[in-house]
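Structure record follows, encoded as structure tokens.
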Amino acid sequence: MQVVICDDIQKDMETIRAAIDTYSTAHPEYCFEIDEYSAALDLLHMVEKGKTYNIALLDICMPGILGTDVAEEMLAKSPEMDVIFLTTSNEYAVAAFAMNATHYLLKPFTQEQFDAAIDRAVKNIEQYDYLSLDCVDGIYRVCISEIASIESQNHYLRINLSSGKVLRLRMKLSQMFEEVQKYPEFIRVGVSYVVNLDFVRSISGNSIEIQGGVKIPVPRRCVEEVQKAYMEFCRKEARK
């Protein structure tokens, strides 16, 4: 699991890292790869370049930017990421839970409190579905919900992830669609595209606009079917 710690106070950073190490020792079945940042803007820079995380451990009161704002930008790239806030104040608890934070820990926290927070995050992550993709530059384990769209290009597929990262692999679109069609958010758009409706921002004329401003052409014969599928998807989401 990819974990990031962001705290501008070095002593607190060391305390959080020690708590993760203690948890990891008690749970050898999990493997944590940990990045540490003392500057929130440095973390966001890496996220913009395509770095994603399963768990983010964020201080809230940091120079120049609040941890809640950092989390919001990160969640836009990785909606399934679990966020655990660690702070000295209850002031931001409402805002934190409004964005579905996994936990809100007050400093100083106990190991037991920390373990409970990580347990909750790990449980959430274990519920996600993943695909192992043999891409041209290596093997990637991708969370299904992070796939924004899939495009067929000659004998290759272009997998566009919510983080902005693009993966390429040699496979037919029909084969990939067989892997994802059991998830109701994925629809086939013509012969060249598969789209995750979670990332659709608008359908206008003969094109779909998804997150990031990417536009996908819709064949004229498919427009009505695509619009109907999107409206039904939105209705189901609203009823949840």
Side-chain angles (χ1 to χ4, degrees), residues 1-10 12-13 16-17 20 32-107 117-118 120-122 124-125 127-128 130 140-149 159-167 185 195-202 208-216 237 240:
M1 300 180 191
Q2 301 293 323
V3 179
V4 64
I5 306 169
C6 187
D7 198 309
D8 62 302
I9 300 176
Q10 184 61 33
D12 287 351
M13 178 95 73
I16 297 168
R17 179 57 188 258
I20 294 180
F32 298 101
E33 294 187 7
I34 303 168
D35 289 343
E36 300 177 4
Y37 290 89
S38 58
L41 295 181
D42 289 343
L43 167 58
L44 290 179
H45 177 68
M46 293 305 297
V47 170
E48 284 297 319
K49 291 174 65 175
K51 180 66 177 178
T52 60
Y53 295 97
N54 302 111
I55 302 172
L57 298 158
L58 305 176
D59 185 19
I60 291 185
C61 298
M62 294 184 286
I65 188 170
L66 291 174
T68 47
D69 293 331
V70 174
E72 187 174 5
E73 292 195 35
M74 295 179 72
L75 288 167
K77 299 287 187 179
S78 302
E80 304 297 344
M81 182 183 70
D82 281 83
V83 179
I84 299 172
F85 290 110
L86 306 101
T87 182
T88 57
S89 172
N90 275 320
E91 180 181 355
Y92 301 96
V94 173
F97 287 113
M99 63 175 61
N100 296 318
T102 302
H103 217 297
Y104 191 96
L105 286 174
L106 286 176
K107 302 174 183 177
I118 298 296
R120 186 178 297 177
V122 168
N124 290 339
I125 293 167
Q127 295 175 354
Y128 303 156
Y130 289 83
Y140 291 81
R141 186 168 180 262
V142 177
C143 185
I144 292 291
S145 63
E146 293 181 356
I147 299 175
S149 65
I159 312 293
N160 300 298
L161 303 183
S162 58
S163 65
K165 187 176 181 63
V166 176
L167 304 178
E185 61 267 35
V195 173
N196 184 339
L197 294 175
D198 266 331
F199 294 95
V200 172
R201 297 296 173 260
S202 67
I208 296 174
E209 182 174 335
I210 63 174
Q211 177 180 297
V214 177
K215 292 189 175 182
I216 293 173
E237 287 297 298
K240 287 184 177 179

Indicate yes or no for a side-chain donor-acceptor contact from [X] to the backbone of [Y] under 3.5 Å, with no hydrogens or angles considered.
{"X": "Tyr37", "Y": "Leu44", "result": "no"}
{"X": "Asp82", "Y": "Ile55", "result": "no"}
{"X": "Ser162", "Y": "Lys77", "result": "yes"}
{"X": "Asn196", "Y": "Ile147", "result": "yes"}

Considering only heavy atoms from C-beta outward, does the side chain of [X] approach that of [Y] to under 4.5 Å?
{"X": "Val200", "Y": "Ile210", "answer": "yes"}
{"X": "His45", "Y": "Asp42", "answer": "no"}
{"X": "Tyr104", "Y": "Val94", "answer": "no"}
{"X": "Glu146", "Y": "Lys165", "answer": "no"}
{"X": "Val214", "Y": "Asn160", "answer": "no"}
{"X": "Asp35", "Y": "Tyr53", "answer": "yes"}
{"X": "Val122", "Y": "Met1", "answer": "yes"}
{"X": "Val195", "Y": "Ile216", "answer": "yes"}

Q: Apply side-chain hydrogen bond (donor to acceptor under 3.5 Å, both in side chains) to Glu36 and list each qualifying residue two or more places apart in sequence or on a separate chain.
A: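 For Glu36 the side-chain hydrogen bond (donor to acceptor under 3.5 Å, both in side chains) partners, ignoring immediate neighbours, are Arg17.
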Q. Who pairs with Asp7 by side-chain hydrogen bond (donor to acceptor under 3.5 Å, both in side chains), at least two apart in sequence or on another chain?
A. Lys107
Q: Using the side-chain contact (heavy atoms from CB on, under 4.5 Å) rule, take Phe199 and Ile208 through it: C-alpha gap first, then chi angles, then the decisive distance, then the call.
A: CA-CA 10 Å; Phe199 294 95; Ile208 296 174; over 6 Å; no
Mind checking the [atom1]-[atom2] spacing from [X] to [Y]? Nearest 0.5 Å is all I need.
{"X": "Ile84", "Y": "Ile5", "atom1": "CD1", "atom2": "CD1", "result": "10.5 Å"}
{"X": "Leu75", "Y": "Thr68", "atom1": "CG", "atom2": "OG1", "result": "11.0 Å"}
{"X": "Ile60", "Y": "Glu91", "atom1": "CD1", "atom2": "CD", "result": "9.0 Å"}
{"X": "Ile34", "Y": "Ile20", "atom1": "CD1", "atom2": "CD1", "result": "4.0 Å"}
{"X": "Cys6", "Y": "Leu43", "atom1": "SG", "atom2": "CG", "result": "5.0 Å"}
{"X": "Cys61", "Y": "Phe85", "atom1": "SG", "atom2": "CZ", "result": "11.0 Å"}

Could you pull out the closest heavy-atom pair between [X] and [Y], with the gap in Å?
{"X": "Thr102", "Y": "Ala121", "result": "CG2-N, 3.8 Å"}
{"X": "Ser145", "Y": "Glu80", "result": "OG-CG, 2.6 Å"}
{"X": "Asp59", "Y": "Leu86", "result": "OD1-O, 3.0 Å"}
{"X": "Leu105", "Y": "Ala117", "result": "CD1-CB, 4.1 Å"}

Q. Could you go step by step and tell me if Ile159 and Val142 meet the side-chain contact (heavy atoms from CB on, under 4.5 Å) rule?
A. CA-CA 10 Å; Ile159 312 293; Val142 177; 5.6 Å; no
Q. Would Leu57 and Ile118 satisfy side-chain contact (heavy atoms from CB on, under 4.5 Å), going step by step from the backbone distance to the final call?
A. CA-CA 10 Å; Leu57 298 158; Ile118 298 296; 4.2 Å; yes
